[in-house]
Participant: 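Okay, handing you the structure first.
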Amino acid sequence: MKSTYIFTSFFIILLSCNPSKEEIYKELEKFDNSLDSLISIDTYNKPNTLIFQADTLNNNPKTIEETCYQIIENDSIKIDANCHIYKFNNNELVLNSSEDFLGRKFVQKYIYFLDKIDNKLIERLRETKSDTIYFGNVNKYDNKGRRIKFVESGVWNEIENGVTKVNENRRVEVYKYNNDQTVTTWRKEYFNKEYNIDSLNKAKITTFTSSNNNTWSYNHKEYTYKNDKFGNWIEKRNKKKENPEVYYRKYSY
């Protein structure tokens, strides 16, 4: 009888150490807001400029169809894994449709929340069997449209013992734009399929300073460009002599 009591008590302790989803959701929200004390200015929910893949895009494009070809001697081969359909709303990416290098189709959907990620919604969407990958995001901007805070609930795949595992990751960043045209970034990241409260609380902050990348110029050292009437590139050609890639974009505004 005594041993049964000990076993039962041990079982109860194990259950109490296993946090509920509600507890995890609360800790994730704390994690997402853990760098807010570094923000000392007013923030806004929507950008006034579309920055995408190192390009500042003009005239508020709604979709981009991007195709890629590799030039081999006098022939060209379409690289399907580098072909994408992008969709935007309110100057933010909301969909990326393409395929991986194994030829499998996939769709990435980006869901933007005003103040905090709805973890229940994101989890429910991810549990739906489909080729769609869901990302939850929160972005905050200053009065010049520069991003001040970035939060993302993302997913990434790894192969373990020949089996593809889908892992979740969490990232929060806060930015400060300095007078010397640099930007300081504070970052916290957490990678785990099963979120652990202790590990979330112990996630370390990394800090680094880089050139101010809120506006971009073309990489003329490696590519040549052709632009449309709005100044957005419609052809980007690699300058390398052997088997260069050429990218084409079609915009709808």
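Computed from a prediction, not measured in an experiment: that's the story for all the values here.
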Participant: What do the steps show when you test Arg171 against Glu173 for salt bridge (charged side-chain N to carboxylate O under 4.0 Å, His left out), and what is the final call?
Facilitator: CA-CA 7 Å; Arg171 179 157 58 109; Glu173 294 181 346; 2.8 Å; yes
Participant: Indicate yes or no: does Lys30 engage Glu27 in a salt bridge with an N to O separation below 4.0 Å.
Facilitator: yes
Participant: State which residues pass side-chain hydrogen bond (donor to acceptor under 3.5 Å, both in side chains) with Trp233; sequence neighbours excluded, sorted by chain then number.
Facilitator: Asp55
Participant: Got a sec, which pairs hit salt bridge (charged side-chain N to carboxylate O under 4.0 Å, His left out) with one end in residues 107-122, sequence neighbours left out?
Facilitator: Glu22-Lys120, Glu29-Lys116, Asp115-Lys140
Participant: Do the numbers put Lys236 on top of the ring of Tyr223, so that NZ or CZ is under 6.0 Å from the six-membered ring centre and no more than 45° off the axis?
Facilitator: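 Yes.
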Participant: Mark yes or no for whether Asn178, through its side chain, and Asp180, through its backbone, hold a donor-acceptor pair below 3.5 Å.
Facilitator: no
Participant: Distance under 6.0 Å and angle within 45° of the ring axis: does Arg147 meet both against Tyr141?
Facilitator: no
Participant: Would you mind reporting whether Arg187 and Phe208 have side-chain heavy atoms less than 4.5 Å apart?
Facilitator: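 In short, these two side chains touch, coming nearer than 4.5 Å.
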Participant: Kindly give the heavy-atom pair with the smallest separation between Phe150 and Asn139, and that separation in Å.
Facilitator: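 Between these two residues, the closest heavy atoms are CD1-OD1, 3.2 Å.
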Participant: Between Tyr251 and Glu66, is the side chain to side chain donor-acceptor pair (under 3.5 Å) condition met? List the steps.
Facilitator: CA-CA 9 Å; Tyr251 299 84; Glu66 185 173 293; over 6 Å; no
Participant: Taking side-chain hydrogen bond (donor to acceptor under 3.5 Å, both in side chains) as the definition, give me every residue that meets it alongside Gln108, ordered by chain and number, with sequence neighbours left out.
Facilitator: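 So Gln108 forms a side-chain hydrogen bond (donor to acceptor under 3.5 Å, both in side chains) with Asn96, Tyr110.
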Participant: Report yes if the side chains of Tyr190 and Val172 come closer than 4.5 Å at any heavy-atom pair, otherwise no.
Facilitator: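 No. Closest side-chain heavy atoms not under 4.5 Å.
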